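As the structure is a prediction and not an experimental result, all values here were calculated from the model.
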Amino acid sequence: MKAKDDKGRWAVQMPHRLFDCLREMYNLKTDAELAQFLSARTPMISKIRNKIIRITPKLILEIHKQTKMPIEKIEEMSK
């Protein structure tokens, strides 16, 4: 189920599943490599993985841009 973050934006609740899948699909060994692949910062990936912050719509769009995966599938994989 979707939830909203502190600013009222839609956010995915369990992105670690998505991150693990992306690392496997693209043979990325670390979250640092994943962050580079997604043009994100490593601490951001870590904070999202550890449920300190929620995945942002911007990151969802970047995943879509880099992988050509439908946004609906990205959200589904993150649940």
S.K.: Please round to the nearest 0.5 Å and tell me the distance separating atom NZ of Lys58 and atom OG of Ser39.
M.R.: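 These two atoms lie 9.5 Å from each other.
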S.K.: Evaluate the criterion side-chain contact (heavy atoms from CB on, under 4.5 Å) for residue pair Ile71 and Glu75; output intermediate values, then yes/no.
M.R.: CA-CA 6 Å; Ile71 291 174; Glu75 290 176 338; 4.2 Å; yes
S.K.: For side-chain contact (heavy atoms from CB on, under 4.5 Å), just list the numbers for Leu34 and Thr30, CA-CA rounded to whole Å, side-chain angles, deciding distance to a tenth of an Å, and then say yes or no.
M.R.: CA-CA 6 Å; Leu34 176 64; Thr30 65; over 6 Å; no
S.K.: Between atom CZ of Phe37 and atom CD of Glu62, what is the distance when rounded to the nearest 0.5 Å?
M.R.: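 It is 9.0 Å, given to the nearest 0.5 Å.
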S.K.: Between the main-chain N or O of Lys29 and the side-chain N or O of Glu33, is there a donor-acceptor pair closer than 3.5 Å?
M.R.: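 Here the side-chain-to-backbone pair exists.
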S.K.: Determine whether a donor-acceptor pair (N or O, by modelled atom type, separation under 3.5 Å) exists between the side chain of Ser46 and the backbone of Thr42.
M.R.: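 Such a contact is absent between Ser46 side chain and Thr42 backbone.
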S.K.: Keeping Lys68 on the side-chain end and Lys65 on the backbone end, is there a donor-acceptor pair under 3.5 Å?
M.R.: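 Yes, because the side chain of Lys68 sits within donor-acceptor range (under 3.5 Å) of the backbone of Lys65.
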S.K.: Once rounded to the nearest 0.5 Å, what's the spacing between atom CZ of Arg41 and atom CD1 of Ile45?
M.R.: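 Here the interatomic distance stands at 11.0 Å.
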S.K.: Has the side chain of His64 got a donor or acceptor atom that lies under 3.5 Å from a matching backbone atom of Met69?
M.R.: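 Flag set: sc His64 to bb Met69 pair under 3.5 Å.
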S.K.: Taking it one step at a time, do Gln36 and Asp31 satisfy side-chain contact (heavy atoms from CB on, under 4.5 Å)?
M.R.: CA-CA 9 Å; Gln36 185 176 7; Asp31 279 349; over 6 Å; no
S.K.: If I take atom CG from residue Leu38 and atom CE from residue Met44, how far apart are they, to the nearest 0.5 angstrom?
M.R.: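 Interatomic distance, Leu38 CG to Met44 CE, rounded to 0.5 Å: 9.5 Å.
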S.K.: Could you report the tightest heavy-atom contact between Ile48 and Ile55, atom names first, then the distance?
M.R.: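 Shortest heavy-atom contact: CD1-CA, 3.9 Å.
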S.K.: What closest approach, in Å, do Leu22 and Ile63 show between heavy atoms, and which atom pair accounts for it?
M.R.: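 Scanning both residues completely, I find the closest heavy atoms to be CD1-CG2, 4.0 Å.
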